[in-house]
Amino acid sequence: MNYSKEEVMQYVAEEDVKFIRLAFCDVFGNQKNISIMPEELERAFTYGIAFDASAIAGFGDEAHSDLLLHPEPETLTPLPWRPEHGRVVRMLCNITYPDGTPFECDTRGLLKKAIADAAAQGYAFFFGAEQEFYLFELDENNEKTDKPYDRAGYMDIAPADRGENIRREICLTLEQMGVRPESSHHEEGPGQNEIDFRYSDALSAADNALTFQTVVRTVARRNGLYADFSPKPLEGKPGNGFHINLSVKSEKETDFSGMIAGMLDRVAEITAFLNPTEDSYRRLGEKKAPGYISWSHQNRSQLVRIPAAIGEYRRAELRSPDPAANPYLAFALLIYAGLEGIQTGAKLPASADINLFKADAKTLAKFQKLPDSLPVAKEKARNSAFVKAHIPASVLEIFCK
């Protein structure tokens, strides 16, 4: 919506706003917030709002606990599920130390830096997100069960697909918040759903990914359901993916294949950030989740797929990440990997125009595997000069300790 500070102040006064949520996320991408009253908004813009960071994972200890939230007025959005009278709005925030120094574990700030570094070299990266989630029923205590909301399959319709109205409510809520979904459908797993977004600039795409999970969980709970974004909710069923579509634009002539080659070269080193939980590695290597470092056109058994598209819609789809990833860290690292590939003239290996899920051991031996466990992924990140160059030591330590 791109409000200015003055416009936010006017909006709050005219729209009966009673609570302003100042939102941010921890290093793992979990959204946090603190609510302030309208009378505190001027102070928030001028000085920031202090909070105790010692209780946030990775944000410090009791000896160095004070940090400040600085709301960005252009991120103002109403929360449609809150009352119309005494409305609630949200703004995303920058995080600083009391002396104004940027906080190094502010991952949104790290993505901003990656965007600026790319722009300084004449490149702009664009992202489109596809996140999958399961809907589970709740028990009599409103706790999650393992019972899926339906037993429908891929792109089934109602009445088999019971999630149709839930997805509709999610999409309409997102539109009210200024986020525009592109498509939605039932996925392969029982109770599994997917909602996709049209590509946008990197920061907006990451902000939208964060907002999306909040909206899905909220709408699901309002309908007596639990939304599960974990990488592998049900044994033997498809896991939840966070497919990332990436493209690059520049006024100079750009070799699109260099971006893809850069991602392939660095993906093993950054997997700990794309797949940050133990369950992430139970998903990889089966049911359309890649296990090897490879690429091809239109082939969903590969790590990187080049969908059928031309012109401005040409993009690369990275299929290994899952929704447990922090989108700010994931997008920042992919920008740096793609930028490196373009600048060094990295060359793509031959495309793997085969189904890797059905290939024999001799064929698979030709391909490098993705890390097959979290400890292996952490070790590769810990020893990566590329990761150390772009991720602060404090963030790396939190992920790889």
Side-chain angles (χ1 to χ4, degrees), residues 2 22-32 56 58-59 67 69-75 77 90-96 101-129 131 179 197 199-214 242-249 259 262-263 266-267 269-276 315-316 318 321-342 381 384 386-396 398-399:
N2 222 17
L22 306 184
F24 62 100
C25 68
D26 64 18
V27 292
F28 298 105
N30 301 307
Q31 185 171 312
K32 309 288 184 178
I56 307 295
F59 271 31
L67 291 174
L69 297 175
H70 300 270
E72 291 200 337
E74 62 270 23
T75 66
T77 184
R90 186 208 70 184
M91 282 184 284
L92 299 172
C93 299
N94 298 318
I95 309 173
T96 70
T101 304
F103 179 50
E104 65 273 11
C105 292
D106 178 6
T107 56
R108 192 169 184 269
L110 296 179
L111 177 55
K112 285 184 175 182
K113 182 179 183 301
I115 293 167
D117 289 346
Q121 297 174 56
Y123 297 96
F125 288 81
F126 294 84
F127 290 80
Q131 292 200 53
V179 179
F197 296 88
Y199 71 88
S200 60
D201 66 274
L203 188 62
S204 295
D207 289 344
N208 291 346
L210 196 72
T211 299
F212 174 68
Q213 290 201 12
T214 300
F242 176 17
H243 302 156
I244 298 174
N245 294 276
L246 177 62
S247 62
V248 61
K249 293 182 181 180
M259 180 193 74
M263 290 195 299
R266 296 300 185 185
V267 68
E269 298 166 48
I270 66 175
T271 292
F273 301 94
L274 304 178
N275 306 97
R315 66 192 192 278
L318 182 67
D322 63 63
N326 180 334
Y328 299 109
L329 281 178
F331 291 2
L333 287 166
L334 290 173
I335 287 173
Y336 284 123
L339 195 60
E340 180 185 70
I342 293 169
S384 168
F386 172 80
V387 170
K388 291 176 182 177
H390 301 300
I391 296 296
S394 53
V395 175
L396 183 59
I398 292 164
F399 267 83

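Residues: numbered from 1 along the sequence shown. Just so we're clear, the structure is a prediction, and the values are computed from it rather than from any experiment.
Side chains of Tyr199 and Arg315 form no contact here, defined as non-hydrogen atoms less than 4.5 Å apart. By the 4.5 Å heavy-atom criterion applied to side chains, Pro327 and Asp207 are not counted as neighbours. Using a 4.5 Å cut-off on side-chain heavy atoms (C-beta onward), Asn208 and Phe127 make no contact. At least one side-chain heavy atom of Phe59 sits under 4.5 Å from a side-chain heavy atom of Phe103. Contact of the Leu318 side chain with the Leu246 side chain is not registered, since no non-hydrogen atoms from C-beta on lie closer than 4.5 Å. Side chains of Leu92 and Thr211 form no contact here, defined as non-hydrogen atoms less than 4.5 Å apart. Inter-residue side-chain proximity for Arg108 and Ile95 is flagged as unmet; no heavy-atom pair is nearer than 4.5 Å.
Rounded to the nearest 0.5 angstrom, Leu110 CG and Glu104 CD are separated by 9.0 Å.
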Stepwise side-chain contact (heavy atoms from CB on, under 4.5 Å) check, Leu333 with Leu274
CA-CA 9 Å; Leu333 287 166; Leu274 304 178; over 6 Å; no
Determine, step by step, whether Ile270 and Tyr336 satisfy the side-chain contact (heavy atoms from CB on, under 4.5 Å) criterion, reporting the C-alpha distance in whole Å, the side-chain angles of both residues, the deciding distance to 0.1 Å, and the verdict.
CA-CA 11 Å; Ile270 66 175; Tyr336 284 123; over 6 Å; no
Carefully, step by step, assess Leu329 and Val395 under the rule side-chain contact (heavy atoms from CB on, under 4.5 Å).
CA-CA 10 Å; Leu329 281 178; Val395 175; 4.2 Å; yes
Does Leu396 form a side-chain contact (heavy atoms from CB on, under 4.5 Å) with Phe273? I'd like the steps, not just the answer.
CA-CA 9 Å; Leu396 183 59; Phe273 301 94; 3.9 Å; yes
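The side chain to side chain donor-acceptor pair (under 3.5 Å) search around Lys112 returns Glu72, Asn94, not counting sequence neighbours. For Arg90, there are no salt bridge (charged side-chain N to carboxylate O under 4.0 Å, His left out) partners at least two apart in sequence or on another chain.
Using modelled atom types, no side-chain atom of Ser384 and backbone atom of Glu269 make a donor-acceptor pair closer than 3.5 Å. Between the side chain of Asp322 and the main chain of Asn275, no donor-acceptor pair closer than 3.5 Å is present.
Using cut-offs of 30° and 60° for the angle between ring planes, the Phe399 and Phe28 rings count as tilted. Between His390 and Phe386, the two ring planes are perpendicular [angle over 60°; tilted spans 30° to 60°].
Legend: salt bridge (charged side-chain N to carboxylate O under 4.0 Å, His left out) pairs involving residues 114-127, not counting sequence neighbours, sorted by first then second residue: Lys113-Asp117.
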